[in-house]
Amino acid sequence: MPSNDARILLHAAVPTAAVGVIATVVSGVVAGGKGALGAVAGTLVVVLFMGIGLVVLQRTAKALPHLFQAMGLLLYVAQLLLLFTFLALFKDTTLFDFKAFAFTLLATTVVWVGGQARAYMKAKIMYVEPEKSGSKS
């Protein structure tokens, strides 16, 4: 993974994990063990989905740069639909506290998208490939 890609992943994943830890502690205090388990599950779902999405997006950008923007929009819509599907699937679960799961899912998703947007804005990614010094057209 090139350094820009790793940096973007790091700037999105670290704040998301920190919010997940805070959500786990708060959910554990408010809703007990099931609340903490719900918060951990929500954090893991977001980190997994968003991390895989970022890797797919970066590979698309390298292989098919003309599809980058369309792929990004499609990917974000697909990720949000997948997260809503998870919410619908686990709505009546007794494995963990659903409210802790849902609020953690929401909070970590917002933090991930914000961290990723901030990382892209701060990255100095060239949008035009510079010519090689030894090559002639």
Side-chain angles (χ1 to χ4, degrees):
M1 182 177 273
S3 65
N4 275 336
D5 299 346
R7 193 174 304 121
I8 290 168
L9 180 63
L10 186 68
H11 284 293
V14 169
T16 303
V19 167
V21 168
I22 293 167
T24 301
V25 170
V26 170
S27 297
V29 169
V30 172
K34 286 196 174 200
L37 188 61
V40 167
T43 302
L44 289 177
V45 165
V46 169
V47 169
L48 206 81
F49 284 173
M50 297 297 191
I52 290 170
L54 183 60
V55 170
V56 168
L57 189 61
Q58 294 303 328
R59 288 184 185 221
T60 301
K62 293 202 183 1
L64 305 165
H66 58 284
L67 293 179
F68 179 72
Q69 186 175 13
M71 183 64 177
L73 292 172
L74 177 70
L75 183 67
Y76 287 128
V77 169
Q79 286 174 332
L80 289 176
L81 288 175
L82 214 54
L83 291 174
F84 285 135
T85 302
F86 259 78
L87 285 173
L89 286 174
F90 289 113
K91 186 169 77 169
D92 297 322
T93 189
T94 58
L95 294 172
F96 48 77
D97 185 56
F98 177 72
K99 285 184 181 179
F101 175 72
F103 283 123
T104 303
L105 202 70
L106 176 66
T108 53
T109 299
V110 169
V111 169
W112 181 283
V113 171
Q116 189 175 355
R118 183 174 186 272
Y120 273 116
M121 287 178 10
K122 291 181 102 11
K124 293 181 175 33
I125 300 171
M126 292 184 200
Y127 59 91
V128 175
E129 291 291 326
E131 287 188 28
K132 304 219 189 271
S133 61
S135 67
K136 292 185 179 182
S137 300

Say whether [X] and [Y] are linked into one hydrophobic cluster, either directly or through other cluster members, by side-chain heavy-atom distances under 4.5 angstrom.
{"X": "L44", "Y": "V110", "result": "no"}
{"X": "L106", "Y": "L37", "result": "no"}
{"X": "L10", "Y": "I8", "result": "no"}
{"X": "V29", "Y": "F96", "result": "no"}
{"X": "L83", "Y": "F90", "result": "yes"}

Let me confirm one number: the [atom1]-[atom2] distance from [X] to [Y], rounded to the nearest 0.5 Å.
{"X": "I22", "Y": "T43", "atom1": "CD1", "atom2": "OG1", "result": "10.5 Å"}
{"X": "L87", "Y": "L82", "atom1": "CG", "atom2": "CG", "result": "10.5 Å"}
{"X": "K62", "Y": "L57", "atom1": "NZ", "atom2": "CG", "result": "9.5 Å"}
{"X": "M50", "Y": "T16", "atom1": "CE", "atom2": "OG1", "result": "8.5 Å"}
{"X": "T85", "Y": "L80", "atom1": "OG1", "atom2": "CG", "result": "10.5 Å"}

Non-hydrogen side-chain atoms of Q79 and W112 separated by less than 4.5 Å: no
Taking the side chain as every heavy atom from C-beta outward, state whether L105 and V46 have any atom pair closer than 4.5 Å. yes
Show the nearest heavy-atom pair for residues [X] and [Y], with the distance to one decimal.
{"X": "T104", "Y": "S27", "answer": "OG1-OG, 4.3 Å"}
{"X": "Q116", "Y": "Y76", "answer": "NE2-OH, 3.0 Å"}
{"X": "G42", "Y": "F101", "answer": "N-CD1, 3.4 Å"}

Check: K99 side chain, G38 main-chain N or O, donor-acceptor pair, under 3.5 Å: no
Tell me whether the rings of F49 and F86 are parallel (<30°), tilted (30 to 60°) or perpendicular (>60°). perpendicular
